[in-house]
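Structure record follows, encoded as structure tokens.
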Amino acid sequence: TVQHAEEIVTAVQQAGVTGAGGAGFPTFFKLKSRAEVVIANGAECEPLTHVDKELLHHHTTEVISGLKAVMAATGAPKGVIGVKGKYTDLVAKLRIAMAGSPELSVAELGNFYPAGDEQVLVYDVTGRVVPEGGLPLNVGCVVQNIETLVNVAAALEGKPVTTKYITVIGAVRNPVTVRVPLGITLKQVIDLAGGVTVPDPVVLNGGAMMGEVAGSLDAPVTKRTKILLVLPNEHQLSVRRRTSREVFDTHAIAACDQCYMCTDFCPRHAQGHAIQPHKLILLLASGVPMTDAQMAGALLCCECRTCNYACPVHLAPGDIALNIKRDLVKAGIKNPYHRQTEVSSTRDYRRVPMYRLINRLGLEKFDVEAPLTPVDRSYGRVTLLLRQHAGVAAQPAVSVGQAVDVGDIVASIPEGALGAPVHASIAGTVVEIRADAILIEGVRHVA
């Protein structure tokens with residue numbers, strides 16, 4: 001039994017556990033901090049995502065075990081699972097599972113977007129406001145993804161991360177949530193949902209709001225893959241995600257009337273942070289260089305694109321803010337905003353109901369269940385990317401021709417560096433080592 005904080009941190013680090021969505025931050029690093037509250041993020045922020053709910057239903061014990069381990073590592077006396085209150089059966093099940101653990105509780109969240117933004121979640125659960133450009137840890141909180149907690153529990157049993165839970169939904173025959181080996185192709189995952197139902201589909205890797213168009217369905221599954229939303233080629237989201245930056249900018253300069261609604265609905269602005277999408281468009285129209293200091297508020301953007309939903313003339317202030325943010329980061333400009341702020345008095349009246357968002361996006365016909373479904377096939381080839389996480393890329397620890405088993409380390413992180421090792425997800429032979437990936441071919445090619 002692993003009991004000491006250092007042992008937990010080491011086990012999680014060696015298992016290659018990372019955030020199971022978003023930036024894929026290495027989990028061990030968070031566990032080295034001291035915290036007052038550990039929050040399990042089961043908000044299912046992205047529309048049509050089912051991974052968190054399915055894991056909480058089917059792997060309740062592992063989630064709670066992982067939560068307790070993170071609490072032990074960080075010294076946090078309190079653990080909270082944030083889950084949408086509309087899932088009444090799930091909330092009841094969690095409370096029964098927590099009986100006898102007074103340090104644990106359930107926080108019932110509203111059915112709005114983006115309930116899973118970590119700063120929004122921290123305030124809803126604790127009433128604490130994360131400062132501008134800050135982290136939940138600044139207010140004594142550590143936030144962990146539900147799947148990450150399942151992987152933490154597995155790490156304590158010596159099992160590294162070799163699989164990923166993914167929701168496949170949209171224009172597919174049988175929407176599902178599945179557990180698949182890391183490194184199989186996105187197409188192979190979509191095939192588990194019975195394949196696509198439209199010609200020339202567009203796949204949003206990451207979902208409707210924060211996802212991006214999958215450039216190739218031959219791209220591999222990583223530790224950050226969470227939802228594959230398959231859409232018809234002509235769907236408004238498909239078209240918007242393929243629209244060039246120049247078109248977004250030109251439309252905004254021509255049509256923005258500075259109504260302020262994008263800023264009004266920004267969840268980080270509602271926390272008092274100095275991000276104002278409408279002002280970024282005004283600066284853009286004024287010809288201010290992208291890297292000008294006045295643009296620095298864009299560095300506080302959480303990339304949720306809520307402001308796109310809010311715009312009454314269907315501009316893309318979220319994409320504009322995101323592009324400016326990337327320009328600033330590339331130019332090495334640092335965030336000048338670090339204030340401890342207060343939430344807006346109108347914050348709770350500016351929330352976006354999930355059902356309205358789904359309807360506005362034209363996704364209502366895809367708003368169906370995607371049950372966790374066993375995968376009854378094996379795979380004969382995987383491509384394991386060396387950078388599936390924030391931090392430095394993993395370095396190959398195997399050679400071509402070497403036999404590996406499931407769970408063997410194939411790429412490791414240099415001593416003292418931030419990153420996560422990569423483990424073999426199938427048994428087989430290393431057939432190629434590229435600058436960005438390691439390819440393993442199985443003992444026999446089945447799929």
Side-chain angles (χ1 to χ4, degrees), residues 18-19 21-26 29 114 117-119 130-135 204-207 209-216 219-220 222-225 240-253 256 262-263 266-269 273-308 315-339 385-395 413-414 417-420 434-437:
T18 68
F25 196 80
F29 199 77
D117 173 82
E118 66 177 13
Q119 295 192 14
V130 177
E132 291 174 325
L135 299 168
L204 293 185
N205 187 352
M209 295 300 285
M210 298 184 74
E212 302 296 339
V213 174
S216 167
T222 74
K223 295 178 184 181
R224 297 161 58 189
T225 312
R240 173 163 284 209
R241 283 292 184 276
R242 288 174 288 150
T243 300
S244 71
R245 178 176 183 173
E246 291 71 29
V247 170
F248 279 146
D249 290 356
T250 302
H251 284 179
I253 290 170
C256 177
C262 56
T263 296
C266 171
R268 292 294 175 89
H269 183 76
H273 293 189
I275 174 164
Q276 302 179 71
H278 80 285
K279 184 178 180 182
L280 294 173
I281 293 176
L282 180 62
L283 291 168
L284 189 68
S286 302
V288 174
M290 288 291 178
T291 54
D292 189 276
Q294 294 181 82
M295 295 283 194
L299 289 167
L300 301 175
C301 174
C302 66
E303 307 182 15
C304 68
R305 291 190 173 100
T306 303
C307 49
N308 284 2
L315 301 177
D319 291 85
I320 290 168
L322 197 158
N323 286 329
I324 294 172
K325 176 181 177 180
R326 289 173 180 167
D327 283 346
L328 294 170
V329 171
K330 194 178 294 184
I333 293 177
K334 303 297 183 185
N335 167 43
Y337 298 105
H338 301 284
R339 301 172 302 163
L385 295 187
L386 298 175
R387 189 191 291 274
Q388 302 185 36
H389 50 266
V392 304
Q395 298 179 348
I413 299 297
L418 180 66
R434 302 194 317 227
D436 66 334

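Quick note: residue numbers are just sequence positions, from 1.
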Can you name the nearest heavy-atom pair linking A420 to T18, along with the distance?
-> CB-CG2, 3.6 Å
Rounded to the nearest 0.5 Å, the CD1 atom of I253 sits from the CG atom of L284 at a distance of 4.0 Å
Atom pair SG (C307) and CD1 (I281), whose distance is rounded to the nearest 0.5 Å | 8.0 Å
Checking T306 side chain against C266 main chain: does a donor-acceptor pair fall under 3.5 Å?
-> no
Measure the CG-CD distance between N335 and E132 for me, rounded to the nearest 0.5 Å.
-> 7.0 Å
Quick one: closest heavy-atom pair of R224 and Q388, and the distance?
-> CD-O, 3.3 Å
CZ (F29) with more than 12 external heavy atoms under 6.0 Å = no
Return yes if some donor-acceptor pair links the side-chain N/O of R305 with the main-chain N/O of M209 below 3.5 Å, else return no.
-> yes
Minimal non-hydrogen separation, V392 against P414, with atom names | CG2-CD, 4.2 Å
Euclidean distance, I333 CD1 relative to M290 CE, rounded to 0.5 Å | 12.0 Å
Minimum heavy-atom distance A321-L280, with the two atoms named = CB-CD1, 3.7 Å
Tell me, with the steps shown, if L418 and H389 meet side chain to side chain contact (heavy atoms under 4.5 Å, CB included).
-> CA-CA 9 Å; L418 180 66; H389 50 266; over 6 Å; no
Can you measure from CG (L299) to NZ (K334) and round to the nearest 0.5 angstrom?
-> 9.5 Å
Is E303 close to R326 at the side-chain level, that is, under 4.5 Å between some pair of heavy atoms?
-> yes
Closest approach of P131 to H338 (non-hydrogen atoms, all atoms of both residues) | CB-O, 4.4 Å
Polar contact flag, side-chain donor to acceptor under 3.5 angstrom, T263-H278 | yes
